[in-house]
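Each ligand, and each atom within it, is numbered from 1 in the order the structure gives. Just so you know, residue 1 is the first one in the sequence shown, and it goes up from there.
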Amino acid sequence: MSITVTTEEATEIAERDDAPALELRGIRKIYNSGSVAFEAVRGIDLIVNKGDFVAVTGASGSGKSTLMNMIGCLDRPSYGLYRMEGEEISHKTENELAEIRNRRIGFVFQSYNLLARATALENVEVPLFYRGLPRRKRVPLAKAMLERVGLGARGDHTPAQLSGGEQQRVAIARALVGDPTIVLADEPTGNLDTSRTEEILQLFEALHEEGRTIVLITHEDEVASRAKRSVVMRDGLIIRDDAQ
Ligand SMILES: Nc1ncnc2c1ncn2[C@@H]1O[C@H](COP(=O)(O)OP(=O)(O)O)[C@@H](O)[C@H]1O
Ligand SMILES: [Mg+2]
């Protein structure tokens with residue numbers, strides 16, 4: 001059997017090394033509920049380079065989560081071009097998007113989104129399970145990642161047996177276990193008190209120092225100030241970007 005690579009694929013592969021982590025051009029999202037259309041994101045251009053640590057801030061309803069869900073391939077733009085590491089994402093199939101989410105993106109949510117009946121260790125194993133890794137390979141990787149977030153001794157606890165800050169650290173371990181290039185976080189400290197917030201921010205700073213690309217949504221200025229670049233949204237648009 002021979003493996004053929006189309007010219008288009010070859011160009012994409014060649015582009016990957018020096019391409020930005022994320023490239024968004026004219027991205028718009030229109031929600032249709034009944035007969036009413038609402039444009040939540042109204043034309044966003046954004047380039048995030050590899051290793052960037054970007055905070056996205058803006059009032060509630062300004063379109064931050066809508067933008068993040070498109071970046072994370074959880075939702076599709078209505079219009080615009082989206083490239084990840086030089087590769088065009090806009091026209092991928094659902095299966096291809098699932099593969100991209102599994103391989104290249106680590107997503108952290110405000111509400112942790114852990115499986116309630118599974119242990120911390122099993123939660124961290126989930127992305128590796130979907131990747132088809134057998135248990136004997138999943139467990140050591142998941143354990144190492146729980147150690148990394150300071151929860152090595154809590155692997156057999158269920159989410160209900162963990163504090164909010166600990167649950168978020170499990171969620172971060174789950175986001176990282178598959179070694180993603182891009183880490184996305186939507187209000188990851190939104191439900192945490194000051195000292196738990198500090199622990200989570202230190203984790204993100206460590207990830208940044210090891211060269212990962214991070215995009216973090218927050219409405220707290222103190223959280224945003226820890227990023228290397230700040231992007232402000234209002235009414236579906238970027239109104240300030242300190243990289244420009
Ligand atoms: N699924 C949806 N259907 C219709 N409107 C939505 C949907 N999701 C979000 N919106 C609207 O889009 C706007 C932006 O929402 P969102 O992206 O969640 O903002 P933020 O995260 O900045 O608070 C809001 O006005 C919200 O009501
Ligand atoms: Mg939001």
Just which atoms of ligand 1 are under 4.0 Å from any heavy atom in Ala40? 12 (O), 13 (C)
Who's the nearest protein heavy-atom neighbour of atom 20 (P) of ligand 1, and how far? Gly61 N, 3.5 Å
What residue and heavy atom of the protein are closest to atom 19 (O) of ligand 1, and at what distance? Gly63 N, 3.2 Å
Answer yes when Glu94 and Arg76 have at least one side-chain N-carboxylate O distance shorter than 4.0 Å, and no when they do not. yes
Could you go through Glu85 and Lys50, starting from their C-alpha distance and side-chain angles, then the distance that decides it, and tell me whether this counts as side-chain contact (heavy atoms from CB on, under 4.5 Å)? CA-CA 8 Å; Glu85 301 173 295; Lys50 286 183 183 155; 4.1 Å; yes
Looking at Glu210 and Arg148, is there a salt bridge between them, counting it only when a charged N and a carboxylate O are closer than 4.0 Å? yes
When you compare ligand 1 with Phe38, is there at least one nitrogen or oxygen pair between them that comes in under 3.5 angstrom? no
Counting from 1, what ligand 1 atoms have a heavy atom of Ser60 closer than 4.0 Å? 23 (O)
Should we count CD of Glu222 as having more than 12 external heavy atoms under 6.0 Å? no
Min heavy-atom dist Ser33 to ligand 1 below 4.0 Å: no
Look at Ser65 and state whether any of its N, O or S atoms is less than 2.8 Å from the Mg ion (ligand 2). yes
Looking only at protein heavy atoms, which one is nearest to atom 5 (N) of ligand 1, and how far off is it? Tyr31 CD1, 3.4 Å
of all protein heavy atoms, closest to atom 16 (P) of ligand 1 is Thr66 OG1, 3.7 Å
Close approach of Ala59 to ligand 1, heavy atoms, under 4.0 angstrom: yes
Please confirm whether Gly58 comes under 4.0 Å of ligand 1, counting heavy atoms of the residue only. no
After noting the C-alpha distance and the side-chain angles of Glu122 and Arg138, does the key distance pass the side-chain contact (heavy atoms from CB on, under 4.5 Å) rule? CA-CA 9 Å; Glu122 287 163 347; Arg138 294 196 306 262; over 6 Å; no
Can you list the ligand 1 atoms lying under 4.0 Å from a non-hydrogen atom of Ser65? 17 (O), 18 (O), 20 (P), 21 (O)
Is atom 26 (C) of ligand 1 less than 4.0 angstrom from at least one protein heavy atom? no
